[in-house]
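Side chains are part of it too, since the values below use all heavy atoms of this structure and drop only hydrogens, waters and symmetry mates. We're numbering straight along the sequence, starting at 1. First listed ligand is number 1; within each ligand, the first listed atom is number 1. Everything numeric in this text was worked out from a predicted model, so none of it was measured.
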Amino acid sequence: MTKKDTNRMLADIEMEVEYTRTMIGKNALDPRVMEAMRSVPRDAFVPPELKPFAFDNGPLPIGHGQTISQPYIVALMTDLVQPAPEHTVLEIGTGSGYQTAILSQLVKQVYTMEVVPALAKAARELFGALHYNNIENRIGNGYEGWPEHAPYDGIIVTAAATHIPQPLIEQLKPGGRLIIPVGLPYSHQDLMLLEKNHAGEIHSQNVLGVAFVPLREENPQPDRDQTLH
Ligand code: SAH
């Protein structure tokens with residue numbers, strides 16, 4: 001990764017924030033989030049043949065029919081969850097692990113779940129190699145969340161759900177935020193922000209139209225070779 005590549009990626013994110021400012025309700029993202037986007041090497045999270053495009057502001061295929069999300073969307077979702085150094089955050093849809101790595105720079109602990117065993121395994125190896133030590137990941141169906149470590153200050157879902165999973169609402173702390181794309185698979189989806197207030201009431205708002213791969217409803221396929229230890 002060169003400084004020039006990262007500067008270009010950051011400039012492209014800033015430009016898209018500017019274009020979408022009326023929808024997202026802000027002119028700029030949290031400087032801490034932009035700093036995390038600067039420090040995590042996106043090229044480490046894309047397949048070798050796509051490394052020349054690693055700093056383009058677009059999604060890229062990562063195998064298994066999945067994608068690494070667009071940098072602007074990663075930055076926006078991270079900003080919306082309002083990460084703080086003492087926070088514990090849950091991510092659904094580890095994929096390449098890029099969004100996870102960004103979060104790990106901004107909060108105390110990140111838990112992340114992935115339904116495709118091979119992706120979960122590759123991400124775990126990468127977190128180790130890059131010394132991101134405040135991440136725990138496992139194979140699992142994100143619709144159920146990860147109750148053992150709940151409640152969470154923030155939850156980010158990086159695949160499109162047809163409805164908001166009730167377990168995720170339950171696993172959110174009062175004062176916590178859930179960011180989730182909701183809509184039909186391969187069709188229009190709304191990026192939604194749900195806030196749970198201290199009385200436990202949920203307030204939701206639509207932030208932006210987005211296009212994510214679908215959140216799968218089936219449980220992970222057991223595969224002895226892909227078990228995480
Ligand atoms: N955050 C990832 C985005 C990957 S795309 C990144 O930046 O690379 C969404 C991911 O969600 C895919 O890897 C997909 O396999 C995973 N996914 C889909 N349905 C899921 C489910 N029910 N539970 C957990 N992960 C799921």
Do the side chain of Gln189 and the main chain of Ala160 share a donor and acceptor less than 3.5 angstrom apart? no
Mark yes or no for whether Arg38, through its side chain, and Thr6, through its backbone, hold a donor-acceptor pair below 3.5 Å. no
Partners passing side chain to side chain contact (heavy atoms under 4.5 Å, CB included) against Ala36 (at least two apart in sequence or in another chain): Ile102, Gln105, Leu106
Is there any protein N/O under 3.5 Å from an N/O of ligand 1, and what does the full list of such pairs look like?
residue  : atom   : partner : partner atom : Å
ligand 1 : 1 (N)  : Glu91   : OE2          : 3.0
ligand 1 : 1 (N)  : Gly93   : O            : 3.0
ligand 1 : 1 (N)  : Thr158  : OG1          : 3.2
ligand 1 : 8 (O)  : Ser96   : N            : 3.0
ligand 1 : 8 (O)  : Ser96   : OG           : 2.6
ligand 1 : 13 (O) : Glu114  : OE1          : 2.7
ligand 1 : 13 (O) : Glu114  : OE2          : 3.4
ligand 1 : 15 (O) : Glu114  : OE2          : 2.5
ligand 1 : 19 (N) : Arg216  : N            : 2.8
ligand 1 : 22 (N) : Asn141  : OD1          : 2.9
ligand 1 : 22 (N) : Arg216  : O            : 2.7
ligand 1 : 23 (N) : Gly142  : N            : 2.7
ligand 1 : 25 (N) : Val115  : N            : 3.3

Running the 4.5 Å side-chain criterion over Ile, Leu, Val, Met, Phe, Trp and Tyr, what cluster does Leu90 land in, apart from itself? Ile92, Tyr111, Met113, Tyr143, Trp146, Tyr152, Ile155, Val157, Ile164, Leu168, Ile169, Leu172, Leu178, Ile180, Val182, Met192, Leu194, Ile202, Leu215
Could Asp153 and Arg177 be called an ion pair, given the rule that one side-chain N must be under 4.0 Å from one carboxylate O? no
Quick note, ring pair (Phe, Tyr, Trp, His ring centres under 6.0 Å) partners involving residues 63-106, not counting sequence neighbours, are Phe45-Tyr98
